[in-house]
Amino acid sequence: MADSQENIKHQVWQIVNAIPQGSVATYGQVARLAGAPQHSRLVGRILSQLPRSTRLPWHRVINSQGKISNPNPKRQQDRLEQEGIVVLRGRISLKQYQWQTD
DNA sequence: TGTTTGACGGACA
DNA sequence: CTGTCCGCCAAAC
């Protein structure tokens, strides 16, 4: 079907919504959990299309290097620090905050 | 229809 | 640590 990608979008929303407060996940991690490895970029695009009013914790998604990829890093960093996550020099310790799923 | 772009990821120097 | 390169993929040109 042509909506296989539409389903992935809903999967991504559900997964991101499940990231615990105080934890982070990577784009690749979300893509894998959504059953779509190789689609990490798609995850980024989906999050970029969220309305500013969304309640989804999109700020808990960072890249595999532990860095913020969001074009507006300031906003994301504020949100992360607001829930106790330490962001040092634009970096976050995955070792310490990554959502353990498998 | 070919090329570029982007909130990615991993390997490597 | 930083920068480069390449694989991947859908959307926008």
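In the text below, chain A, chain B and the rest are named by the order of the sequence lines, each starting its count at 1. Since the model is a prediction, treat every value here as computed from it, not as a measurement.
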Tell me, with the steps shown, if A/L94 and A/I62 meet side chain to side chain contact (heavy atoms under 4.5 Å, CB included).
CA-CA 9 Å; A/L94 288 176; A/I62 60 181; 3.7 Å; yes

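- Of all non-hydrogen atoms in A/V61 and A/T26, the two that sit nearest each other are CG1-C, 4.1 Å.
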Donor-acceptor list for residues 78-90 of chain A side chains, cut-off 3.5 Å, not counting sequence neighbours:
unit_1: A/E81; atom_1: OE2; unit_2: A/Q77; atom_2: NE2; d: 3.2
unit_1: A/E83; atom_1: OE1; unit_2: A/H59; atom_2: NE2; d: 2.8
unit_1: A/E83; atom_1: OE1; unit_2: A/R60; atom_2: NE; d: 3.3
unit_1: A/E83; atom_1: OE1; unit_2: A/R60; atom_2: NH2; d: 3.2
unit_1: A/E83; atom_1: OE2; unit_2: A/G22; atom_2: N; d: 2.7
unit_1: A/E83; atom_1: OE2; unit_2: A/R60; atom_2: NE; d: 2.8

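- Smallest separation of non-hydrogen atoms from A/P57 and A/V16: CG-O, 3.2 Å.
- Between A/A36 and A/I8, the closest heavy-atom pair is CB-CD1, 4.1 Å.
- Listed by residue number, the members of residues 41-53 of chain A with any heavy atom below 4.0 angstrom from DNA chain C are A/R41, A/R45.
- Scored by the side-chain contact (heavy atoms from CB on, under 4.5 Å) test, A/N72 finds A/N70, A/K74, A/R75 as partners (sequence neighbours excluded).
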Could you give me the CA-CA distance, side-chain angles and deciding distance for A/K67 and A/I92, then say whether side chain to side chain contact (heavy atoms under 4.5 Å, CB included) is met?
CA-CA 6 Å; A/K67 296 191 292 186; A/I92 296 156; over 6 Å; no

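- Separation of the C1' atoms belonging to C/dA12 and B/dT1 is 14 Å when rounded to the nearest angstrom.
- Contacts of residues 33-40 of chain A with DNA chain C (heavy atom under 4.0 Å): A/Q38, A/H39.
- Nucleotides B/dT5 and C/dC8 place their C1' atoms 14 Å apart, quoted to the nearest Å.
- Scanning both residues, A/N17 and A/R55, for their nearest heavy atoms gives OD1-NH1, 3.4 Å.
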Stepwise side chain to side chain contact (heavy atoms under 4.5 Å, CB included) test for A/Y27 and A/R41:
CA-CA 7 Å; A/Y27 295 93; A/R41 291 190 113 118; over 6 Å; no

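- Legend: residues meeting side-chain contact (heavy atoms from CB on, under 4.5 Å) with A/Q14, ordered by chain and number and at least two apart, are absent.
- Taking a 4.0 Å limit (strictly below) on heavy-atom distances, residues 62-86 of chain A reaches DNA chain B at A/N63, A/S64, A/S69, A/N70, A/P71.
- When rounded to the nearest whole Å, the span between CD of A/E6 and C1' of C/dA11 equals 14 Å.
- For the C1' atoms, the distance from B/dG6 to C/dG7 is 15 Å, rounded to whole Å.
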